[in-house]
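This report refers to the structure that appears directly beneath it.
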Amino acid sequence: MITKLHILLKNPWLAAALLFLAAGPASAQFNPKKQAVPLETVPDTLIKPAKPTTELRFELYSDAYDKYLRKLRSKQRNSYTIKPGLSVTQVSFTNWQQGGDNSFSGLASLIFEHNYTAPVFSIKTVFDAKYGLMRTTGQTRKNVDYFNLSVTPSWNISERWKLSSALMWKSQFTKSYDYPKDAPKVWKSSFMAPGTIEISGGFTYEPPSKKINIFLSPIAGKFIFVLNDSLARKGGLGIDPAKENPKFKAQIGAQARIIYKTQFAKNKIEYATQLDGFWNYELPPSATWNNTVNFKFTDVITASVIVNMIYNDQITTPKAQEKRDQGRIPKPWDYLQIYQSVGFGLNFNIASKPHKPIQESTITRSRLKYKQ
């Protein structure tokens, strides 16, 4: 019996050709060099399990949490301080050879400060007011009455310097009188008679300690109001009654404000001062300087020393008016007004609680990052 094997053995060339054809497809189907995989890329799951993932991150949007973040950001950016105070002073004489009048006086004060602080923009609002009455010789007189409201928005340009603008409003609450000897009282001033509004723009310097704040404005506008006909016609409040409009006067000049606060003796003594100056390009400068020293005995019981000074040669003072009546020219120091007060009373400090800062990117995107 003749088989295919016998034929191949008798024809060696035919056997070689068949082997060559059979080897070609086999090499195409399996190539050890191409099919080999590096051992380090193959996970050794049988011998050593892979390290489990310990950190899982994903982002989740929540409308309720978005409102919570906005409310938290508002609390973190806004802070306030309220300092109401009340002090009383009594002077009594019994069989006193040198003489004197019994007197009783009270002084109420209020300082409100609000700060809004954002990464670039900030605004500071301060309201300072005092009102005092004195009872002596059977008469009740007002001995102090004023309020100052200032609003200062700022834009950060460096760590210590800011580009700022300022709005300041100054006036009093009620009517004031002069009490000459052997004569009836004379109406002197009232609410917005006079009153001033100052608008300015410039630069603010404030170090990180925030103990000092300096505002410099090369261009500022000052507007004086006397919103009472009889007081406006009388004059002596910074506006010439002979002018066409004796109730209003506008001035352009430069403005400067310096605020300094510090505490010492283990925070038992606090000193605060504020100097406001305005220089009209056509007139001599005017200034207001307020100084307060508070002695803290307990959280509520305090003593205070107040010294306030005002210089404005456009406002008639008693000394200046006296020299004018005598036909003399008043000196510059005749226009200096000084108020001094020493009191013992109660002072309260109400302030907002500090909040931890929040990342601005987290609030802006209103998203959460969870880590597990």
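- Under a 3.5 Å cut-off, the side chain of N156 and the backbone N or O of S158 do not form any donor-acceptor pair.
- Between R257 and S150, the side chains place no donor N or O within less than 3.5 Å of an acceptor N or O (distance only, hydrogens not considered).
- For residues 216-227, there are no salt bridge (Lys or Arg N to Asp or Glu O under 4.0 Å) pairs, not counting sequence neighbours.
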Verdict with supporting geometry, Y339 and V144, side-chain contact (heavy atoms from CB on, under 4.5 Å): CA-CA 8 Å; Y339 166 78; V144 60; 3.8 Å; yes

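- Residue pairs that meet the side-chain hydrogen bond (donor to acceptor under 3.5 Å, both in side chains) test with at least one member in residues 293-312, sequence neighbours left out, are T302-N347.
- Surrounding CZ of F112 are more than 12 heavy atoms belonging to other residues, nucleotides or ligands, all under 6.0 Å away.
- Looking at heavy atoms from C-beta onward, K142 lies out of side-chain contact with Y177 at the 4.5 angstrom threshold.
- The number of heavy atoms from other shown groups lying within 6.0 Å of CD1 (I219) does not exceed 12.
- To the nearest 0.5 Å, the span separating CZ on F215 from CE on M168 amounts to 8.5 Å.
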L110 and I82: CA distance, side-chain angles, deciding distance, side-chain contact (heavy atoms from CB on, under 4.5 Å) verdict: CA-CA 7 Å; L110 174 64; I82 304 175; 4.0 Å; yes

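- Between G201 and P218, the closest heavy-atom pair is O-CD, 3.7 Å.
- Pairs passing the salt bridge (Lys or Arg N to Asp or Glu O under 4.0 Å) check and including a residue from residues 324-352, sequence neighbours excluded, read K323-D334.
- Partners of E113 by salt bridge (Lys or Arg N to Asp or Glu O under 4.0 Å), not counting sequence neighbours, listed by chain and number: K124, K261.
- Hydrophobic clustering (ILVMFWY, side-chain heavy atoms < 4.5 Å, transitive): Y80 and F127 are in one cluster.
- With rounding to the nearest 0.5 Å, the separation of CG in L107 from CG in L86 is 8.0 Å.
- Linking Ile, Leu, Val, Met, Phe, Trp and Tyr residues whenever their side-chain heavy atoms come within less than 4.5 Å leaves I338 and I315 in two separate clusters.
- The closest side-chain donor-acceptor pair between R77 and T117, if any, does not fall under 3.5 angstrom.
- Between F223 and T196 there is no side-chain heavy-atom pair separated by less than 4.5 Å.
- Annotation: side-chain contact (heavy atoms from CB on, under 4.5 Å) contacts of N267 (sequence neighbours excluded): Q263.
- R141 forms a cation-pi arrangement with Y179, by the criterion of a distance under 6.0 Å to the ring centre and an angle within 45° of the ring axis.
- For the pair A220 and S200, the tightest heavy-atom approach, listed with the atom from each and the gap, is CB-CB, 3.4 Å.
- Atom CZ of F203 sits about 5.5 Å away from atom CD1 of I157, to the nearest 0.5 Å.
- Annotation for P194 and S171: closest pair O-OG, 3.4 Å, computed over non-hydrogen atoms.
- Between E206 and K162 the shortest side-chain heavy-atom distance falls below 4.5 Å.
- Side-chain atoms of D145 come within 3.5 Å of backbone N or O of T174 as a donor-acceptor pair.
- Among all heavy-atom pairs drawn from S105 and N143, the shortest one is CB-ND2, 4.2 Å.
- By the 6.0 Å contact criterion, CD on Q139 is enclosed, its count of non-hydrogen atoms from other residues, nucleotides or ligands being greater than 12.
- Between the side chains of T288 and D276, no donor-acceptor pair of N or O atoms lies under 3.5 Å.
- Within a 6.0 Å radius of NZ in K188, other residues, nucleotides and ligands contribute 12 heavy atoms or fewer.
- No side-chain donor from either of E270 and T262 sits under 3.5 Å from a side-chain acceptor of the other.
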Verdict with reasoning, Y260 to N213, per side chain to side chain donor-acceptor pair (under 3.5 Å): CA-CA 6 Å; Y260 178 75; N213 183 288; over 6 Å; no

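- Judged as a ring-ring contact (aromatic ring centres under 6.0 Å, His included), the pairs with a partner in residues 132-172 (not counting sequence neighbours) are, in order, F121-W155, F147-W169, F147-F173, W161-Y205.
- In this structure, the separation between CD1 on I239 and CG on N245 is 7.5 Å, given to the nearest 0.5 Å.
- A side-chain donor-acceptor contact under 3.5 Å links N228 and S230.
- Using the six-membered ring where Trp is involved, Y281 and W279 have ring planes that are perpendicular, over 60° apart on the 30 and 60° scheme.
- The structure places OG of S165 at 8.0 Å from CD1 of I123, a figure rounded to the nearest 0.5 Å.
- Pairing each heavy atom of L216 with each of A256, the nearest pair is CD2-CB, 4.1 Å.
- Here the OG1 atom belonging to T152 is positioned 7.0 Å from the CD1 atom belonging to I259, to the nearest 0.5 angstrom.
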